[in-house]
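Everything on this sheet refers to the single structure shown next.
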Amino acid sequence: CDIRSLGYEEKRKLLATIEKAVAFVTTMIFQDGSSQLNSEQVLTSSVKGVVVLVKNQTDYPCLPGYSSTDCTWDAANEDDKLIYLKTEWSSLWEQEQQAHKKFTWQVLFQMLRCKVPIICFNAKDFLRTLLQVYGNEISWKQVADSVVLDPRIAAWLINPSDTVPSFECLIQKYFEKPFSVETVNTDTGPLRNTSYQNLGVNLEKLYNVMMDLAHDLQVQGLWKLFCTLELPLIKILAVMETHKIHVNKQELKKTSEILGLRLKELEQEAHQVAGERFLLTSSHQLREVLFEKLKLHTLCEKVHRTEIQQLVSTSEVVLNKLQDLHPLPKIILEYRQVHKMKSTYVDGLRMCMRKGFISSTWNQTGTATGRLSAKHPNIQGISKHPIRITKKQYIKGKEEEIVTISPRTLFVSKKGYTFLAADFSHIELRILADLSSEPELLKLFQEPETTDIFSSLASQWKGIPSEQVKHADREQAKRIVYSVVYGAGKERLADCLGTTPLQASQFIESFMQKYKKINEFTKKTIEQCRNKGYVVSIMGRKRPLANINAQDYKLRTQAERQAVNFVVQGSAADLCKMAMVEIFTSVVVSPNLTARLIAQLHDELLFEVEDSQIQEFS
DNA sequence: ATTTTGACGCTAGG
DNA sequence: CCTAGCGTCAA
């Protein structure tokens, strides 16, 4: 039914029905007639309304062996109700519209409040839209109370390697029989009944797929992870996406110009020393200049090659080795740094801005390790380290001004609020210590005098007193540790360290000698993966690795590295998500705290906190 | 002749 | 190891 055509009594009855419902299955309808169930998610099309399938039957057959595609909308559930809620209004006829608007949000509010599961494909988008449309009527804390289920997240937990691209793909995967989702065809006219019918069928399928997935999750021991971590996260991310961060637009424009000037200077210098004009941003052209014309690689042993085409690389590590042989590599290195800064962090950020603000889009199912990812902008990848630029002041005579540019300072907190960051300290290393129970490593973390874990580790490893640990030793220890965590081989470590593979393997050897249990942990993990076909994190997150028993050496060893890496990185992701959920809920239950989560940078949570609440919140 | 797409390389984050 | 994003280049 369309709620616009309901009388007073019917509306009352509808609310009563909602009160008794056992589940809601929902999807948003867009201006162009598509819904969240269509494969092409149109970003330009605005939201027109919400369709809700209200499930009233508790005894719905959902047993194994029962093919859910057999049931149709008409046959299976006469008691269920399909309702259409329009959330978009024209500015005309205030009186009438106000009444509808009020009732619509009454219905939605009751759905959120009554703790009955709301099943939605891409539930985060649904919740975010509610917050945006009813921003004045619904507070973000109320959304936090709701119970949402998203089959896409369930499917991802079962196999995080395949990101289900659409509802159609999900259905095809789970009920092998292919079928098509017809678009709801409505131009400007009223929705036709057949469209409702079709949508009803699809919502029914959505419900069934969710029930099947719930069963699978329970069988696979993923149910708790799903309910306690991933489902609450949907709401957290929805709330996060509704919060906007202010960016200093003038500063952005100014720095873009400064960086542009510096790039021009560097380009000129590069052409000068190269003795020819070429495109600095083209690694292909740079390769011709460096290695075919100047033949610099012949003066250097073992240079890194590109992955696919096996050409001599022009990457940072190689350029670092070449910088004493010719002035060009150094210029290129600076050019790349400045270019990255301009294209990604300055101009790229400006492209993401809407009225002086940015807000990232968070993907909960985008990684194979359980981590989150962000885009538009990728706030997790914004450069930490500032760069220095010598700006020539042509106007004021011959003065030279050194300006430092650090992208993170371009974000400004609201007036009366402060950004507050809380981060884990070396979480992956701690997890490695815990999982391997390596006594020496555990000791390092337990010792209260340990202020810098990598310095202490370097001192412990090489047996030198901690005061004599040099910066280079610390860096080396750090790189080796993370190479082990990330499962890198000797070649990769050599690239990372800028040494030969032989030396790198000696480092690994010496490291493994000192910390034997780490090696044992690695072997045990790979062995378990071989037997079961998957690996498991601390919270039971799984990653199947089909290639773990492959004949092909390259594929198999890759799978082995992925296995080890997953256990560490995935467990870290578990703990970080737990922290998110716990902090979020404690703010929600607090009557006075207003702190908003702004971003998650894997092992760091960034909040915007009212100045007066900083103490209490901390 | 011009635009789009996919493969590849590089680098920022963790 | 796993991400996002910017760039070139050829199809």
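Computed from a predicted structure; not experimentally measured. Below, chain A is the first sequence line, B the second, and so on; all start at residue 1. Computed over heavy atoms, backbone and side chain alike; hydrogens, waters and symmetry mates excluded.
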Contact boundaries on DNA chain C for chain A, cut-off under 4.0 Å to non-hydrogen atoms: dC1(C) to dC9(C)

Side chains of Ser406(A) and Thr409(A): is there a donor and an acceptor less than 3.5 Å apart? yes

Does a donor on one side chain and an acceptor on the other come within less than 3.5 Å for Glu230(A) and Gln364(A)? yes

Residue pair Pro160(A)/His284(A) against DNA chain C: nearer the 5' end by closest nucleotide is Pro160(A)

Quick one: Gln600(A) CD to dG13(B) C1', roughly how many Å, whole number? 12 Å

Could you tell me the separation between the CD1 atom of Ile379(A) and the C1' atom of dA12(B), rounded to a whole number of Å? 14 Å

Tell me, which of residues 538-576 of chain A have any heavy atom that sits under 4.0 Å from an atom in DNA chain C? Arg543(A), Gln558(A), Arg561(A), Gln562(A), Asn565(A), Gln569(A)

Polar pairs (N or O, both sides) under 3.5 Å between protein and nucleotides 4-10 of chain B?
| from | atom 1 | to | atom 2 | distance (Å) |
| --- | --- | --- | --- | --- |
| dG9(B) | OP1 | Thr306(A) | OG1 | 2.9 |
| dG9(B) | OP1 | Gln309(A) | N | 3.4 |
| dG9(B) | OP2 | Ile308(A) | N | 3.3 |
| dC10(B) | OP1 | Ser313(A) | OG | 3.4 |
| dC10(B) | OP1 | Thr314(A) | N | 2.7 |
| dC10(B) | OP1 | Thr314(A) | OG1 | 2.9 |
| dC10(B) | OP2 | Ser313(A) | OG | 3.3 |
| dC10(B) | O3' | Arg336(A) | NH1 | 3.1 |

Within this structure, what is the CZ-to-C1' distance between Arg479(A) and dG14(B), rounded to whole angstrom? 15 Å

Look only at the side chain of Lys517(A) and the backbone of Glu440(A), and say whether a donor-acceptor pair between them is shorter than 3.5 Å. no

Side chains of Thr369(A) and Gln569(A): any donor to acceptor distance under 3.5 Å? yes

Length of the NZ-C1' vector between Lys478(A) and dG13(B), whole Å: 12 Å

Please check this pair: side chain of Gln310(A) against backbone of Glu307(A), looking for a donor-acceptor N/O pair closer than 3.5 Å. yes

Can Ser166(A) and Arg152(A) be counted as having a side-chain donor-acceptor contact under 3.5 angstrom? no

Is there a donor in the side chain of Tyr534(A) and an acceptor in the side chain of Gln220(A), or the other way round, less than 3.5 Å apart? no

Polar side chain donor-acceptor pair, Lys375(A) to Ser360(A), under 3.5 angstrom: no

